[in-house]
Structure formats: C-alpha cells, structure tokens
Amino acid sequence: MNQRARLDPAPIPFIDVAAQRRRLGHAVDEAIARVLGHCQFILGPEVRTFETELAAFCGARHAVSCASGTDALLMVLMAKGIGPGDAVICPSFTFTATAEVVVLAGATPVFADVEAESFNLDAESLRRACAAARAAGLRPKAVIPVDLFGQPADYDRIMPVAAAEELFVLDDAAQGFGANYKNRRLGALAPATATSFFPAKPLGCYGDGGAILTDDEELAQVMRSVRVHGEGRDKYDCVRIGLNGRLDTIQAAVLIEKLKIFPEEIAARERVARRYSAGLADVAIVPKLAPGVTSVWAQYTIRLAPGRRDALAAALKAQGIPTGIYYPTPLHRQEPYQHFPIAEGGAPVSERLAEEVISLPIHAYLDEATQERIIAAVRRALAA
Ligand SMILES: Cc1ncc(COP(=O)(O)O)c(C=O)c1O
C-alpha cells in the first residue's frame with residue numbers, strides 16, 4: 001500500500017454518482033436540454049428510443065419502461081391477472097419491493113429460502129414453498145427470483161421447478177440487470193424481467209425509473225396499457241385497471257447516455273470486485289460467482305461470523321469508510337410479512353445471512369488507491 005493511501009483521511013462515498021457525472025461530461029446536460037427544447041415531457045421520443053436500445057442491449061424483443069422498479073414488478077403481476085387467492089413465491093432475503101408488489105396486486109407472497117453462496121433463491125425451497133402455498137389453500141401462480149447484489153439466480157435449477165409447478169417466472173433484476181447467465185443477459189432469460197433505474201443501481205437514472213423486458217408481444221402490449229391507467233384505443237378508453245406508471249422523458253434521455261457507457265462500467269465494477277476478493281479472501285467470506293455467471297456487483301458483500309460486523313462497521317466509519325447491511329432482517333421476519341406462509345423448514349439461510357453480511361463501497365469509479373485504503377482498513381479491523 002502506498003503512503004498516500006494510508007494517510008488520506010477523506011471520506012469515501014459508498015456509491016460515487018458524481019464521478020459518473022464527470023465521466024459523462026456534457027452528454028447528459030445536452031440530452032436533458034433537448035427534452036427541455038421539445039417539451040414532450042410525458043412519453044416523448046426519448047422514451048421509445050431508450051426502450052429500443054435497452055431491449056437490444058439485453059436481447060429481449062420488447063422493453064416497456066416505467067416509473068420505478070417497483071412498478072415494473074407490479075405491472076407484470078397486474079398484466080398477468082395475478083390477484084386474490086394466488087400465491088407468488090419470493091425469496092425472503094431481498095428488498096421489500098419484491099414481496100410488496102404481490103400484496104399490492106391482492107395476491108399472497110409465500111417465502112422461500114436462499115442459497116448461502118449466491119444469496120439467491122434456492123430451487124428446493126421454491127418447491128417446498130409451493131407445497132406451503134397449496135396447504136394454505138392458495139394457487140401457486142408465479143415466482144419472483146431475485147438476482148441479488150448483481151448475480152443472476154440459478155435459472156437452470158429454478159426453471160424446471162417453475163415448469164413442473166406451472167409458475168410464471170418474473171425475474172427481479174433490479175440489482176442484476178446487465179449481468180449474464182451462461183452467455184445470455186438478464187432480460188432474455190425469464191418470460192418477464194423487471195429492473196430499476198434508481199440512481200444507486202448499476203444502470204441508474206437521475207430520479208426514479210424502471211423497465212420490463214419480455215419477448216411476449218401480448219404481455220408488452222397489456223403492460224403499455226397498464227402503464228397509462230389501463231388505456232385502450234386512446235387515453236379515455238379505459239379497458240382495465242392500471243396505474244400512472246410512465247418513465248419521464250427526461251429520465252429516458254439520461255438513460256440513453258448512461259446505457260452507452262454501461263458495458264465499460266460493468267467491466268470496471270468487475271475489476272473492483274476482483275481486487276476486493278484478492279485482498280480479503282483470507283479474512284472474510286468473499287462473494288463467489290457460480291460457473292458461467294457474471295455479476296454487475298450492485299453490492300460487494302462479505303460475510304463474517306455473527307457478532308463481528310458491528311465492530312468492523314464502526315472501525316471503518318471512524319476512518320471515513322461507509323458500509324451497508326443488505327439486509328438486516330429477512331422479509332418473513334418483518335412486521336407486515338410475518339403472517340404470510342413460508343416454505344416448510346423456514347428460511348434459516350436467510351436468517352443467518354441477515355446476521356453475517358456487510359457490504360463495502362463499490363462503483364465503477366473506485367480507484368485503486370482508495371480501494372487499497374478500504375482493504376487495508378478492513379484487514380486491520382478484522383485482525384484487531
Ligand atoms: C431487489 C429489488 N427489487 C425491487 C426494487 C425496487 O426498485 P425501485 O426502487 O426502482 O422501485 C429494488 C430497488 O431498490 C430492489 O433492490
């Protein structure tokens with residue numbers, strides 16, 4: 001480690017959105033100025049252009065942009081007519097939005113456990129969750145695998161269970177969009193994939209935004225209707241219950257520029273993750289990618305023995321290094337979800353992970369000297 005890195009006390013951002021702003025130069029300002037020029041703020045031409053480019057990026061036939069990752073998930077459930085009496089299987093170790101949308105659609109989330117190494121849905125627990133749903137008098141209708149922290153779930157194991165149980169598969173790629181599963185990008189793997197453009201996401205905009213990717217023409221059409229209050233032939237022909245779920249034209253303009261540098265940023269994030277793993281593998285459990293899978297490293301999350309992470313977080317904080325706990329409580333233990341069914345055997349891995357995980361700063365612009373400072377600080381804290 002060089003001397004400068006050791007002495008530098010400057011606070012380190014967890015995600016450096018400003019560094020990306022500098023990298024983009026005037027491109028974003030000019031893109032926004034074009035929208036300010038034509039004033040088509042709602043579903044302006046940039047929205048369609050972005051959708052076309054996003055679909056091409058991941059190899060899906062259709063992209064339907066929308067107002068957030070949460071709306072993206074909800075719009076799929078609404079378009080598929082999932083509602084009361086239906087069960088939707090969700091991993092318990094995820095962000096609340098994954099299960100929240102199931103309740104908003106009027107259906108019932110049924111929780112399954114995750115795998116310890118990938119943090120993602122365990123296919124065996126998915127099977128048990130379907131049994132738990134039926135035992136509770138519900139119809140298992142869909143599953144929402146999550147590509148947690150940027151790594152795709154194990155679709156080769158999940159898809160056969162979903163097929164046997166006749167479940168619609170909705171991929172929650174809010175954190176994983178841009179990652180590959182066996183040479184296919186997320187977005188082209190499941191019948192529908194939802195993603196989020198929240199600013200902190202690997203592909204983020206400058207506000208809220210989201211999209212659904214699908215090859216299914218009819219589903220895309222229904223979702224375009226759901227997105228605008230269930231419109232039919234025109235705005236005042238109402239053919240279903242919908243939402244106001246549109247992506248702003250200004251955000252689409254920002255995303256067009258950001259998508260251009262996204263592949264370069266994914267490669268940079270991968271380099272940062274590798275450096276962390278090389279520097280920390282002997283002092284913590286570092287993330288392990290499954291064979292044939294890439295990650296976009298929405299988070300770089302290590303695991304420590306229970307009881308150790310608070311001291312690490314405090315030691316790093318004292319040196320200007322932020323950390324995050326994703327997630328301190330699995331969903332089935334959160335107050336609004338406690339009464340929903342759970343797979344037989346519960347979700348012990350989710351519960352253990354909730355006590356062990358801690359995430360370090362990661363973004364495409366984390367330079368080597370700063371990262372050395374983080375790695376050295378983690379090593380010192382864990383040796384203490
Ligand atoms: C796994 C997961 N699903 C869904 C969402 C919801 O996305 P948004 O915040 O854009 O509504 C998020 C983002 O925070 C997420 O991490």
Side-chain angles (χ1 to χ4, degrees), residues 1-24 93-95 116-119 148-151 175 198-204 206 264-289 295-330 351-384:
M1 186 178 64
N2 66 38
Q3 197 62 16
R4 204 196 133 267
R6 187 152 1 110
L7 297 175
D8 190 354
I12 294 171
F14 194 67
I15 292 169
D16 195 346
V17 183
Q20 188 196 49
R21 235 344 242 124
R22 290 192 292 277
R23 157 73 180 81
L24 285 161
F93 194 61
T94 179
F95 182 58
E117 267 195 1
S118 67
F119 308 109
L148 204 73
F149 305 150
Q151 175 174 192
Q175 301 182 15
F198 184 77
K201 296 290 188 249
L203 178 63
Y206 291 160
E264 190 187 292
E265 291 189 333
I266 293 172
R269 299 175 87 94
E270 174 63 25
R271 282 195 295 277
V272 173
R274 277 179 202 273
R275 284 204 295 263
Y276 268 142
S277 292
L280 297 174
D282 59 332
V283 294
I285 302 175
V286 297
K288 203 168 152 201
L289 296 185
S295 175
V296 286
W297 301 103
Q299 303 295 345
Y300 185 87
T301 303
I302 58 173
R303 288 166 57 200
L304 302 173
R308 297 210 64 199
R309 72 178 174 200
D310 288 354
L312 173 64
L316 295 181
K317 190 173 175 207
Q319 297 168 70
I321 303 170
T323 54
I325 308 290
Y326 308 103
Y327 296 94
T329 311
E351 286 171 15
R352 202 175 79 224
L353 290 174
E355 293 186 350
E356 295 180 353
V357 290
I358 180 163
S359 304
L360 302 175
I362 191 163
H363 55 86
Y365 304 92
L366 186 57
D367 64 80
E368 218 167 326
T370 309
Q371 203 182 352
E372 266 183 40
R373 195 180 130 201
I374 301 170
I375 291 171
V378 173
R379 296 188 66 87
R380 269 196 309 274
L382 293 178

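Positions are given from 1, in the same order as the sequence printed here. All figures in this text were calculated on a predicted structure; none of them were measured in a lab.
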E351 and F93: CA distance, side-chain angles, deciding distance, side chain to side chain contact (heavy atoms under 4.5 Å, CB included) verdict: CA-CA 8 Å; E351 286 171 15; F93 194 61; over 6 Å; no

Please step through side chain to side chain contact (heavy atoms under 4.5 Å, CB included) for the pair R275 and E372, ending with a clear verdict. CA-CA 9 Å; R275 284 204 295 263; E372 266 183 40; over 6 Å; no

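Across all their heavy atoms, Q371 and V272 have their closest contact at NE2-O, 2.8 Å. Listed here is the closest heavy atom pair of V283 and L382: O-CD1, 3.6 Å. Residues A313 and I358 share a closest heavy-atom pair of CB-CD1, 3.9 Å. Across L366 and P361, no two heavy atoms sit closer than the pair CD2-O, 3.5 Å. Heavy-atom minimum distance, R269 versus W297: NH2-O, 3.0 Å. In plain terms, the two heavy atoms of A315 and A381 that are nearest each other are CB-CB, 3.8 Å.
Considering only residues two or more places apart in sequence or on other chains, K288 meets the salt bridge (Lys or Arg N to Asp or Glu O under 4.0 Å) condition with E117.
The distance from the CD atom of E355 to the CD1 atom of I325 is 11.5 Å, given to the nearest 0.5 Å. Atom-to-atom distance recorded for T301:OG1 and Y326:OH is 8.5 Å, nearest 0.5 angstrom. Separation of atoms OG (S277) and CD1 (I375) is listed at 9.0 Å; rounding is to 0.5 Å. Taken to the nearest 0.5 Å, the NE2 atom of H363 stands 10.0 Å off from the CZ atom of F14. Here the straight-line distance linking atom CD1 of I15 with atom NZ of K201 works out to 8.0 Å at 0.5 Å rounding. Rounded to the nearest 0.5 angstrom, R373 CZ and I12 CD1 are separated by 3.5 Å.
Looking at R380 and Q319, their side chains do bring a donor and an acceptor atom within 3.5 Å of each other. For the 3.5 Å distance criterion, the side chains of Q151 and Q175 fail to qualify, holding no donor opposite an acceptor.
At least one donor-acceptor pair under 3.5 Å links the side chain of S295 to the backbone N or O of G150. Not one N or O on the side chain of Q299 forms a donor-acceptor pair closer than 3.5 Å with the backbone of F149.
By the 4.5 Å heavy-atom criterion applied to side chains, L360 and I321 are not counted as neighbours. Side-chain contact check for L312 versus T323: every heavy-atom pair is 4.5 Å or farther apart. Using a 4.5 Å cut-off on side-chain heavy atoms (C-beta onward), Y206 and R21 make contact.
One finds a salt bridge joining E264 and R23 here, because a Lys/Arg side-chain nitrogen approaches an Asp/Glu carboxylate oxygen to under 4.0 Å. Salt bridge status for R274 with E270: present, with a side-chain N to carboxylate O gap under 4.0 Å.
The ring pair (Phe, Tyr, Trp, His ring centres under 6.0 Å) pairs that include a residue from residues 269-288 are Y276-Y300, where partners are two or more places apart or lie in different chains. Screening residues 302-311 for side-chain hydrogen bond (donor to acceptor under 3.5 Å, both in side chains) gives R303-E356 as the qualifying pairs, with residues at least two apart or on separate chains.
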